[in-house]
Amino acid sequence: MISAQAWEDARLIWDYHQMGHALQPCSVAIGLGSHDLGVADAAVDLYRRGMAPVLLFTGATSPTTAARMPRGEAVHYRERALELGVPASAVLTEPRARNTGENIRFSRAVLERAGVAVSSVLMVSKPYEERRAYATARQLWPEVEIVSTSAPMTFEDYIASIGDAGLVIDMLVGALQRLLIYPDQGFMVAQEVPTDVMHAYERLRAAGFTSRIVPRGATSYNPHNLRTT
């Protein structure tokens with residue numbers, strides 16, 4: 001049973017994870033691989049609206065995507081874009097990345113090889129990963145403008161799409177923990193966390209929403225491999 005306080009705290013953190021960036025035309029839209037084909041749909045929508053002339057989908061597989069995306073996240077995203085009418089000439093793929101940092105580094109290399117000049121990027125992710133994607137991209141690709149975006153969706157709609165409210169709250173908490181600890185490890189730029197968001201995070205952790213938390217002292221991990229999908 002999820003308490004009224006936990007629901008309120010989760011909504012607050014959901015709102016914090018979304019950057020609220022104003023959309024603008026960019027050099028490329030990069031769809032970050034995950035279990036969610038909605039990321040591909042959001043990228044296609046941006047292409048149709050003239051927000052980017054090129055789409056790049058990045059991602060291999062993770063434990064949560066190997067069964068449903070056996071050919072790799074980027075490949076399945078590309079197939080989805082082609083089904084929705086995007087011409088093959090406008091879709092690039094990066095099929096090796098297994099974490100957020102690799103998504104960005106490997107995508108840069110693909111775009112360079114393809115001769116795509118990049119001054120700005122629409123970084124397309126799951127709704128609760130907008131801030132993490134932005135902070136990581138700012139660290140690893142500081143010379144370009146990053147516009148972080150996702151499919152427009154309410155907290156309640158996202159829970160309905162996943163079908164497990166507890167898991168969604170776990171993911172929100174895990175994503176926020178990474179925003180708190182990864183800057184000191186050099187994986188992303190620091191983001192200001194408002195006091196009310198921190199208090200909500202602490203209450204949810206105390207209530208047991210911890211399945212996506214990085215264990216204390218887990219120094220042997222590559223943090224970016226701990227996806228919150």
Side-chain angles (χ1 to χ4, degrees), residues 13-21 23-24 26-36 38-40 42-43 46 52 55-65 72-74 77 92-112 116 118-151 170-193 197 201 212-214 218-219 221-229:
I13 294 175
W14 168 271
D15 290 341
Y16 172 71
H17 280 311
Q18 297 190 337
M19 297 295 294
H21 285 167
L23 289 179
Q24 64 183 56
C26 290
S27 307
V28 62
I30 297 178
L32 302 181
S34 74
H35 66 277
D36 188 354
V39 175
L46 293 168
L55 303 181
L56 189 155
F57 296 121
T58 168
T61 59
S62 71
T64 58
T65 63
E73 296 156 3
Y77 277 23
L92 299 172
T93 58
E94 183 295 296
R96 298 186 298 120
R98 297 183 181 277
N99 56 66
T100 309
E102 288 184 354
N103 285 141
I104 294 165
R105 292 196 303 272
F106 294 173
S107 292
R108 290 185 65 178
V110 168
L111 290 164
E112 289 171 5
V116 179
V118 179
S119 61
S120 55
V121 175
L122 284 162
M123 198 67 67
V124 190
S125 67
K126 300 185 297 298
Y128 70 88
E129 291 282 12
E130 280 192 22
R131 190 172 292 274
R132 177 182 177 184
Y134 173 80
T136 306
R138 294 302 304 141
Q139 178 72 15
L140 299 177
W141 209 350
E143 65 271 27
V144 304
E145 182 177 4
I146 303 296
V147 178
S148 195
T149 187
S150 63
D170 283 348
M171 293 189 292
L172 296 174
V173 171
L176 183 51
Q177 184 211 25
R178 287 153 177 77
L179 288 171
L180 297 171
I181 67 175
Y182 283 1
D184 286 343
Q185 300 178 47
F187 294 114
M188 61 176 64
V189 299
Q191 297 279 286
E192 181 180 355
V193 181
V197 174
Y201 165 78
R212 299 307 175 97
I213 287 293
V214 179
T219 55
Y221 290 156
N222 175 346
H224 282 305
N225 284 336
L226 298 173
R227 284 182 171 173
T228 56
T229 52

Nearest heavy-atom neighbours spanning Tyr16 and Glu192:
OH-O, 2.8 Å
Quick one: CD on Glu94 to CZ on Phe57, what's the gap to the nearest 0.5 Å?
13.0 Å
Taking atom CG of Leu122 and atom CD1 of Ile146, what is their separation to the nearest 0.5 Å?
9.0 Å
Donor-acceptor pair, Thr136 side chain versus Ala133 backbone, under 3.5 Å?
no
Is any side-chain heavy atom of Val193 closer than 4.5 Å to one of Tyr201?
no
Non-hydrogen atoms of Ala190 and Pro183 that approach each other most closely
CA-CG, 3.7 Å
Are there more than 12 heavy atoms of other residues, nucleotides or ligands under 6.0 Å from atom CD of Glu143?
yes
Val144 versus Ser119: any side-chain heavy-atom pair under 4.5 Å?
no
Quick one: does Arg178's side chain have a donor or acceptor within less than 3.5 Å of a partner on Tyr182's backbone?
no
Output, in order, the C-alpha distance, side-chain angles, deciding distance and verdict of side-chain contact (heavy atoms from CB on, under 4.5 Å) for Phe187 and Gln139.
CA-CA 7 Å; Phe187 294 114; Gln139 178 72 15; over 6 Å; no
Interatomic spacing from CD1 in Ile104 to CE in Met188 - rounded to 0.5 Å:
9.0 Å
Could you tell me the separation between the CD1 atom of Ile30 and the CE atom of Met123, rounded to the nearest 0.5 Å?
4.5 Å
Go through the steps for Cys26 and Val121 under the test side-chain contact (heavy atoms from CB on, under 4.5 Å), then give the verdict.
CA-CA 5 Å; Cys26 290; Val121 175; 5.7 Å; no
Quick check: closest heavy atoms across Ala151 and Ala42, and the distance to 0.1 Å?
N-CB, 3.8 Å
So His35 and Lys126, do their side chains get closer than 4.5 Å, heavy atoms only?
yes
Identify the heavy atoms of Thr58 and Ala97 that sit nearest to each other, and give their distance.
OG1-CB, 3.5 Å
Do Gln18 and Arg131 pair up side chain to side chain, a donor and an acceptor below 3.5 Å, judged on atom types alone?
no
Tell me if a side-chain donor or acceptor on Arg98 pairs with a main-chain N or O of Thr61 at a distance below 3.5 Å.
yes
Hey, does Leu55 have a side-chain heavy atom less than 4.5 Å from the side chain of Val28?
no
side-chain contact (heavy atoms from CB on, under 4.5 Å) assessment of Leu46 paired with Val124:
CA-CA 9 Å; Leu46 293 168; Val124 190; 3.7 Å; yes
State whether the side chain of Tyr77 and the backbone N or O of Ser34 hold a donor-acceptor pair below 3.5 Å, judged by distance alone.
yes
Set out, in order, the CA-CA distance, both residues' side-chain angles and the distance that settles side-chain contact (heavy atoms from CB on, under 4.5 Å) for Leu179 and His17, then state yes or no.
CA-CA 10 Å; Leu179 288 171; His17 280 311; 3.8 Å; yes
Does any non-hydrogen side-chain atom of Val110 lie less than 4.5 Å from one of Leu56?
yes
Which atom names give the shortest non-hydrogen contact between Gln177 and Arg212, and what distance separates them?
OE1-O, 4.5 Å
To the nearest 0.5 Å, how far apart are CG in Leu172 and CD in Glu129?
9.5 Å
Atom CD in Glu130, atom CG in Leu32: separation rounded to 0.5 Å?
11.0 Å
Are the side chain of Thr93 and the backbone N or O of Ala74 linked by a donor-acceptor pair below 3.5 Å?
no
